[in-house]
Amino acid sequence: DAGVTQSPTHLIKTRGQQVTLRCSPKSGHDTVSWYQQALGQGPQFIFQYYEEEERQRGNFPDRFSGHQFPNYSSELNVNALLLGDSALYLCASSAVGANVLTFGAGSRLTVL
Amino acid sequence: QKEVEQDPGPLSVPEGAIVSLNCTYSNSAFQYFMWYRQYSRKGPELLMYTYSSGNKEDGRFTAQVDKSSKYISLFIRDSQPSDSATYLCAIYGGATNKLIFGTGTLLAVQP
């Protein structure tokens, strides 16, 4: 079992650009959550997807959007990148209703 | 006030020491309490999961919850250099079904 896989591992963008991050959940999991982890901080909840719909959202602007596909994989899109968007973006999966999350290794985004 | 408060450290201890990591939380509606360990350049991994007040032990690790004080702790006995990582407390429950993390405590166990 590969667990949660994320791509790309690292990427560098410039201000104003757009980025798409991808996540494949652990086998048997159908719910995907995205977190942003700034350097030296704990992960901050962005949103959660289940049945291809956004079920819950944290305190993030509309520049952050997502999608879940029928195979439960997910994408996180960030538009109009700001320097402050530089962070480790973590994808976590779980079975529906479960509160234990399995995390991927993350995608490290640097915005210059 | 943050929903979860955690001392960021860093905390440096000699090998074999007992480590105590702590968090406080503000909302008494929170029901589930977890500790995640995060190695450098890796995602968090679940270490301990507790529901009720009291202690839960797993090998060298003990998780303690005091709901009356809204205080959770993680104790590591006989600490090893391989325990060097960031330890994140996380809570779940209340009105929102999302996992809320503390800032994490960076632990270094010196050989």
Side-chain angles (χ1 to χ4, degrees), chain A residues 1-10 21 23-26 29 31-50 53-60 66 76 87-110, chain B residues 2-11 21-25 27 29-52 56 58 63 65 72 74 85-108:
Chain A
D1 182 4
V4 179
T5 58
Q6 292 187 243
S7 64
T9 305
H10 297 86
L21 308 177
C23 171
S24 293
K26 181 178 178 179
H29 287 180
T31 301
V32 173
S33 301
W34 286 91
Y35 285 78
Q36 180 195 65
Q37 187 175 25
L39 195 63
Q41 300 296 316
Q44 299 292 313
F45 176 76
I46 303 175
F47 42 54
Q48 182 185 81
Y49 276 85
Y50 170 65
E53 291 189 9
E54 184 183 294
R55 297 293 179 171
Q56 197 164 2
R57 189 178 184 92
N59 189 25
F60 279 81
L76 164 66
L88 180 67
Y89 287 86
L90 294 163
C91 172
S93 71
S94 60
V96 62
N99 50 39
V100 175
L101 304 182
T102 301
F103 282 86
S107 294
R108 184 164 298 281
L109 170 66
T110 301
Chain B
K2 285 186 177 180
E3 293 179 287
V4 183
E5 301 271 5
Q6 182 176 9
D7 185 345
L11 182 62
L21 304 166
N22 309 292
C23 287
T24 59
Y25 62 96
N27 190 339
F30 291 129
Q31 301 169 296
Y32 303 94
F33 309 92
M34 304 165 206
W35 287 93
Y36 280 79
R37 178 175 60 194
Q38 186 175 24
Y39 290 113
S40 180
R41 302 184 183 282
K42 300 288 186 182
E45 58 176 336
L46 182 67
L47 197 58
M48 297 287 285
Y49 173 98
T50 57
Y51 171 71
S52 59
K56 181 176 181 179
D58 184 2
V65 175
I72 61 176
L74 178 70
T86 295
Y87 289 80
L88 297 152
C89 62
I91 57 176
Y92 183 94
T96 59
N97 292 324
K98 62 181 181 181
L99 199 58
I100 302 170
F101 285 88
T103 54
T105 300
L106 179 60
L107 171 67

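Naming: A, B, ... by sequence-line order, numbering from 1 per chain.
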On a heavy-atom basis, which atom in [X] and which in [Y] lie closest, and how many Å separate them?
X: A:Tyr35; Y: B:Leu99; value: OH-O, 3.0 Å
X: B:Pro44; Y: A:Leu90; value: CD-CD1, 3.8 Å
X: A:Leu88; Y: B:Gln38; value: CD2-NE2, 4.0 Å
X: A:Pro43; Y: B:Leu88; value: CD-CD2, 3.9 Å

Of the listed residues (A:Gln6, A:Gln48, A:Gln37), which shares the most heavy-atom pairs with chain B below a 4.5 Å separation? A:Gln37
Can you confirm whether B:Tyr36 sits close enough to A:Leu101 that some side-chain heavy atom of one is under 4.5 Å from a side-chain heavy atom of the other?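 The answer is yes, as the side chains (C-beta and beyond) meet within the 4.5 Å cut-off.
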Quick one: CZ on A:Arg57 to NZ on B:Lys98, what's the gap to the nearest 0.5 Å? 11.5 Å
